[in-house]
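A quick write-up on the structure given underneath.
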Amino acid sequence: MPKTADISLPDPSRWKALVFIALAQLMVVLDATIVNIALPHAQHDLGISEANKQWVITAYALAFGGLLLFGGRIADLWGRKRAFVVGLLGFAGASALGGAATGEAMLLGSRALQGAFGALLAPAALSLLAVMFTDAKERAKAFGIYGAIAGGGGAVGLILGGVLTEYLNWRWTFFVNIPFAIVAAAGAYFVIREPAGARNRSTLDIPGVVLSTLGLVSLVYGFTRAESDGWSDTTTVGLFVASALLLAAFVLTEAKVKSPLLPLRVLTERNRGGVYLSLGLAIIAMFGLFLFLTYYLQIVRGYSPVKTGFAFLPMIAGMITGSTQIGARLMTRVAPRLLMGPGFLVAGVGMLMLTQLDVGSSYAGLILPAQLLLGLGMGTAFMPAMSLATHGVRPEDAGVASAMVNTSQQVGGAIGTALLNTIAASATTAYITSHAAGATNQQLLQAQAMVHGYSSAIWWAVGILATAAAIALTLINTGRPGAGSVTAASGDGVEDEIKVPVVAH
C-alpha cells in the first residue's frame, strides 16, 4: 500500500516569492562572470601580481563549489527560508567588503566569503521552488523562469560588468550586489512561507561534510591549476588523485552513516543522475564558449567591454525564449528527455557554426545566428533539467538535491574553462609553429593562430554537447509530468504518493 501525505493548498504568495528567488539566483549567477571584465582594473588599483590575479576568480569558485553540498544540507536542517535570507545578507556583506577592498588579501577574502554564502543561498533558492510549486503546469512556468536565469545570467554578468567598469568603477561590480541582496532578503522574509514538515532535522554528517568539501575543492582547484600550470604538473596530478580518493571515501561514508550528507538515493535514481551528468557536460561547453567569444570579440575584433557584453544579447534572448516559451509550454505535454536531448542538439548546431570562425567573420552572418541557436537549445534543455533534478525527492532531501544541480554546474564551469582553454592554447601554439616560416605579418599570424585555437576547442564543445544529448535521451526515461499526483520512489522500496491539488487555470 502506498503511503499518502496530503499537502496543503499552494501558498497564495508563491508567485511573489518567485520574484525574490529569481532575483537572488540572478545575483549569484551574475557574480560568476561580472568580475571577469573588471579584473584588469582591480588588479592595477590594488597591485595584485600577475601570478595571483586568477585567485580573484578561483577563491569564489573554490568556496562555492566546495561548500555546495554542505550548504544544501544546512538549508534542509535550518529551513530553506532561513538559509536563503542568511545567505543573501551574508552575500551582501561580503560584496560590500570586496567593493571597499584596500588590498589583495581583503579582495580575495571577500571573494571566498561570497562563494561560501552563495553555496548556502543557491541550493536554498532552488529547493524553495521545489517545495512551493507542486502543480505540474505551475512548476513548468516557475522553472522556466528559473532556468532562463540560471542559463543566461552569466551572459548578463558580462554586459553589466562591462557597463559598470567602463562608466563607473570596478568596485561597483561588487557594490551592485548589495541592493539585489537586500531587496531579495526583505521580500523573502515577508513573502515566503515554507511548507511545514519539510525540514531534515537529522544530526549533521561531519565526516561527509569534510570529505565532500575537500574532494570538491581539490577537483575544482585541480582544473584551475591545469589551466595555468599544465596537466602534467605534479601539483595538478596530486590534486586530481586527492580528489578521486576523497570523493570515493565520501561515497563509502554516505553508504554507511545513519544520516548522510548526500543520501545516495538522490544520485542513484537514473533520471536525476542523468540530469546532473548531462547538465554538467553542457555547462562545460557553454562556459568555454563564453571565454572564447569574449577573447575573440575584445582581442581579435577590438570590441570595448560594453560592446562585448551587448554582443551576447542574442544568446540571452534565445535562452529566455527557449526556457519560457518552448520548455515551459511543452514540459507538461512531452517527456523531459524529448526537450533536453533535442535542446542540447540544437545548441550543438549553434556551436558547430562557430567552428567556422575566422579573423574577419561577420557578427550578423555567423556569431548572431549561432548564439540564437545556442540560447534556444540551452534554454529549452535547462528548464526541464532544473525541474527534474528536484522532482520526486523526499521534501527533506530537496536541499541536497538542489545543491547537486549547482555542483554539476560549478564543477562543469571549472572543467570547461580549464579543459577547453588548454586545447585552444595547444592548437594556437601548433598553428604558429607550422606557419611562422612563411608569415609576413606577425600580428595577423597571432590573430589567425588564436582564432584557429578557439575553433579547435569549439569542435570539442560540439562533441561534448552531443554526448550530453545522448545521455539525456538514454538515461532520462520518466514520462511527462502529470497535472495530478506525483509519484516518487522513497528509497526504501516503497512508493510515496504525494497528492497534489489540481489548481484551476
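Here the structure is a predicted model, which is why all the values come from computation and not from measurement.
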Show the atom names and distances, to 0.1 Å, of all donor-acceptor pairs under 3.5 Å that link a side chain in residues 273-288 to residues at least two apart or in another chain.
| unit_1 | atom_1 | unit_2 | atom_2 | d |
| --- | --- | --- | --- | --- |
| Y276 | OH | A389 | O | 3.4 |
| Y276 | OH | A401 | O | 3.2 |
| S278 | OG | G274 | O | 2.8 |
| S278 | OG | V275 | O | 3.4 |

Which atom pairs, one a donor and one an acceptor, fall under 3.5 Å between side chains of residues 313-322 and the rest of the protein, sequence neighbours left out?
| unit_1 | atom_1 | unit_2 | atom_2 | d |
| --- | --- | --- | --- | --- |
| T321 | OG1 | A317 | O | 2.8 |

Exercise for the section: Please name all residues satisfying ring pair (Phe, Tyr, Trp, His ring centres under 6.0 Å) with F84, sequence neighbours left out, ordered by chain then number. Expected result: none
Cut-off 3.5 Å, no hydrogens considered: what does the side-chain donor-acceptor table look like for residues 174-181, sequence neighbours left out?
| unit_1 | atom_1 | unit_2 | atom_2 | d |
| --- | --- | --- | --- | --- |
| N177 | ND2 | D31 | OD1 | 2.8 |
| N177 | ND2 | S95 | OG | 3.1 |

Exercise for the section: Any side-chain hydrogen bond (donor to acceptor under 3.5 Å, both in side chains) involving residues 348-362? Give me the pairs, sequence neighbours left out, ordered by first then second residue. Expected result: D358-S361
Fill in the blank from the handout: Residues at least two apart in sequence or cross-chain that pass side chain to side chain donor-acceptor pair (under 3.5 Å) with R171, listed by chain then number, are none
Handout entry: Partners meeting side chain to side chain donor-acceptor pair (under 3.5 Å) with W172 (sequence neighbours left out)
Key = none
Exercise for the section: Please list, chain by chain and in numerical order, all residues satisfying ring pair (Phe, Tyr, Trp, His ring centres under 6.0 Å) with F91, sequence neighbours excluded. Expected result: none
Practice task
Can you measure from OH (Y363) to CG (L297) and round to the nearest 0.5 angstrom?
Solution key: 7.5 Å
Problem - side-chain contact (heavy atoms from CB on, under 4.5 Å) partners of L419, counting only residues at least two apart - result: W231, I415, I423
Quiz: residues 446-455 side-chain donor-acceptor pairs under 3.5 angstrom, not counting sequence neighbours:
| unit_1 | atom_1 | unit_2 | atom_2 | d |
| --- | --- | --- | --- | --- |
| S455 | OG | V451 | O | 3.3 |
| S455 | OG | H452 | O | 3.0 |

Practice task
For T428, check side chain to side chain donor-acceptor pair (under 3.5 Å) against everything at least two apart and list the hits.
Solution key: none
Exercise for the section: Please identify each residue that fulfils side-chain contact (heavy atoms from CB on, under 4.5 Å) with S243, with sequence neighbours left out. Expected result: S218, L219, L247
